[in-house]
Amino acid sequence: MTACKEWEAAISDRVMGDVEGPEQEQFSRHVESCPGCSAELAAQMAFQASLVLPTKPLPGELNAWPKVARELAPPSRRSRSMSFGMAGFLAAAMLVLGVGLGGLMVTSGPVDGPRLAESTVPEEDRYLTFLEEAAPLLLAVANRETPELVSASFLGSEALAAEQRAAERLAGNARDLIEQLEESGRDREAQLVGELELVFIQVANLSRQQDAGGLRILKAAIDNRGLLFQLTLEELRHLPAPRDGGV
Amino acid sequence: MANSDEQVLLGRAKNGDRLALKALVERHQNDVFYLALGLLGQRSEAEDAMQEVMIKAIKALPRFRGDSGFATWLYRITHNTCLDHIRRQRWSQVTESMDENPGMAEHWATPDPADDPGRVTASAELGRELMAAMDTLTPAERSVFVLRQFQELSTRETAEVLSRAEGSVKNLLFRAMRKLREAMAEFDDSTGHREASL
Ligand SMILES: [Zn+2]
């Protein structure tokens, strides 16, 4: 004896305690005269009552964050072997172009971006050093046209390799810096570095995926972050004057 | 699912605030783990999936527009991640290793000293039976069963996570429950552990 096909959903509702509504009223009338539905309902109700599920984890039993944080910010040792790849590099280009489209920066200074005087930045302020190193990297990418970025000669170039090393290092440095900033109550600075860190990491992860989905995610990230980059770059403009030199 | 407190947290997390990201992970890790446990059947795999889900979610956070609740969105990522795991490993391998893997057993009915030890053992066995029986389900049936029973989501929420119609969720749950009941009754018949009354 089996339940009527058309009443299966109603049986399911009833077993899960959803007893309201006109359908349930109709089902109540049906089940009185249908041995198949009646038997199935009784069996499922009994089964539901006897269900033993796994115990839920206790609060504090799990701690996902340390591993998640480690994965998001690979230590510099590990990032040495990180390969950014073409998709990652294109994404980096999109990132900076996205910033440019947002009406930010690249409005003054030499074509290859501002060069900041290392010597005048207080040595102990790793935050300024981080921004100083991040800006030329982003600008160097922004100032290249897409055809150049995807050309074989550029992909094998030393300039690209240097930029990749810089991005890897910055991603690796960000985590300690964020913690340092948070400890000294510089929350906004920590947030800004966190933004840049996530972008560098996203670029790094795209290298493993090499897909359009990843690029879409990054584009969305750019859209969401325009304002923060504007703030970051605004700060950079108050830093000492540009100096000569490449990335 | 989403409340104003969570909205504030999400806003900060989207801006890369690490404390907010950490708080989000800590707030949702148990639910994500428990869902993964139901779908994958093994604690160690569920923990791996939980980490993967959190990393994916943080990376995809800028895409989260709030059309659904954050938990629903997270469950969708969890579900897809677990399906990927299953595709890689196949259901059968998951079950075969379950007997040797102590991870799952830890999660059946935590013994309460006040309880009769014999009762705890019995419920642990029932838990094992259920997990073994769940391998008779199709992936869709299993997903619906776990979301409704483990996560206690409503039909509407389950439909949202799985991108299915509510009617389909109800039918899948009906089939899952019938299959599980029959599989467990068969198991009882063959082992004589329980009265095969269902
Ligand atoms: Zn009927």
Side-chain angles (χ1 to χ4, degrees), chain A residues 2-3 5 8-13 15-16 18 40 43-44 46-48 50-65 67-69 71-72 175 178-179 182 187 190-199 201-202 205 214 216-225 227-228, chain B residues 12 14-19 21-22 25-26 29-34 37-38 43 47 50-55 58-63 104 106-110 123-127 129-131 148-150 154-155 166-167 169-175 177-178 180-181 184-185 194 197-198:
Chain A
T2 55
K5 191 97 186 133
E8 286 181 355
I11 292 174
S12 190
D13 277 346
V15 170
M16 298 304 285
D18 298 334
E40 183 65 33
Q44 288 213 8
F47 179 68
Q48 176 69 20
S50 73
L51 264 185
V52 179
L53 300 176
T55 312
K56 291 187 178 181
L58 300 168
E61 188 181 335
L62 300 168
N63 189 10
W65 178 250
K67 272 192 186 172
V68 171
E71 181 69 25
L72 290 173
R175 192 163 142 66
I178 289 163
E179 279 168 13
E182 280 171 351
D187 291 343
Q191 193 179 346
L192 291 172
V193 176
E195 281 300 314
L196 290 166
E197 177 202 24
L198 286 179
V199 166
I201 291 162
Q202 277 174 323
N205 280 290
R216 278 200 300 277
I217 292 172
L218 198 73
K219 183 65 179 73
I222 292 159
D223 294 343
N224 273 293
R225 288 174 179 152
L227 181 62
L228 279 159
Chain B
R12 287 171 53 196
K14 275 187 175 186
N15 286 333
D17 181 330
R18 291 177 73 86
L19 291 177
L21 288 170
K22 183 167 179 268
V25 167
E26 284 170 353
Q29 60 188 359
N30 277 17
D31 283 340
V32 167
F33 169 81
Y34 197 57
L37 184 65
R43 187 189 165 93
E47 281 190 16
M50 169 184 71
Q51 311 277 3
E52 197 179 326
V53 166
M54 292 305 185
I55 290 162
I58 288 172
K59 288 177 182 165
L61 200 54
R63 270 198 313 185
M104 204 60 214
E106 290 165 19
H107 263 271
W108 304 128
T110 307
S123 65
E125 279 182 18
L126 289 178
E129 285 177 26
L130 174 65
M131 289 309 286
R148 292 287 275 128
Q149 299 281 11
F150 282 50
S154 67
T155 299
E166 291 187 28
V169 166
K170 292 176 183 183
N171 286 109
L172 284 165
L173 182 63
F174 174 89
R175 290 210 293 272
M177 294 283 279
R178 188 169 57 190
L180 290 173
R181 171 168 57 81
M184 289 179 74
R194 279 195 300 167
S197 58
L198 299 179

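Everything quoted here is computed from the prediction, not taken from an experiment. Numbered from 1 within each chain, the chains take letters A, B, ... in sequence-line order.
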Kindly determine whether A/L53 and B/Y34 satisfy side-chain contact (heavy atoms from CB on, under 4.5 Å), including the steps that lead there.
CA-CA 10 Å; A/L53 300 176; B/Y34 197 57; 3.7 Å; yes

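- Separation of atoms CD (B/E26) and CH2 (A/W65) is listed at 8.5 Å; rounding is to 0.5 Å.
- In terms of heavy-atom proximity, B/L37 sits nearest to A/P54 at CD2-CB, 4.0 Å.
- Between atom CG of residue A/D13 and atom CD of residue B/E166 there is a gap of 9.5 Å, rounded to the nearest 0.5 Å.
- With sequence neighbours left out, B/L19 forms a side chain to side chain contact (heavy atoms under 4.5 Å, CB included) with A/E182, B/R12, B/D17.
- Interface summary for chain B: among A/K67, A/Q44, A/K5, the most heavy-atom pairs under 4.5 angstrom belong to A/Q44.
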Are B/N30 and A/K56 close enough, and set up right, to give a side-chain contact (heavy atoms from CB on, under 4.5 Å), and what steps lead you there?
CA-CA 8 Å; B/N30 277 17; A/K56 291 187 178 181; over 6 Å; no

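- From B/M50, atom CE reaches atom CG of A/L62 across 4.5 Å, with rounding to the nearest 0.5 Å.
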Yes or no on side-chain contact (heavy atoms from CB on, under 4.5 Å) for A/E71 and B/Q51, after CA distance, side-chain angles and deciding distance?
CA-CA 9 Å; A/E71 181 69 25; B/Q51 311 277 3; over 6 Å; no

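- Within the 4.5 Å cutoff, no side-chain heavy atoms of B/L130 are placed close to those of A/V52.
- Atom CD1 of A/I11 sits about 8.5 Å away from atom CZ of B/R178, to the nearest 0.5 Å.
- Under the 4.5 Å side-chain criterion, counting only non-hydrogen atoms from C-beta, A/E61 is not in contact with B/F33.
- The shortest distance between side-chain heavy atoms of A/V15 and B/F174 does not fall below 4.5 Å.
- Of the two parts of B/L180, the backbone and the side chain both hold a non-hydrogen atom closer than 4.5 Å to a non-hydrogen atom of chain A.
- Across all non-hydrogen atoms, the minimal contact from A/A64 to B/Q29 is N-OE1, 2.8 Å.
- Ion pairing between a basic and an acidic side chain is recognised when a charged N comes within 4.0 Å of a carboxylate O; A/E40 and B/R181 show such pairing.
- Rounding to the nearest 0.5 Å gives a distance of 11.0 Å between CD of A/E8 and CG of B/L173.
- For A/I178, the part lying near chain B is the side chain, with the backbone staying farther off; criterion is any non-hydrogen pair under 4.5 Å.
- The part of B/T155 that comes within reach of chain A is its side chain, from C-beta onward, which places non-hydrogen atoms under 4.5 angstrom from that chain.
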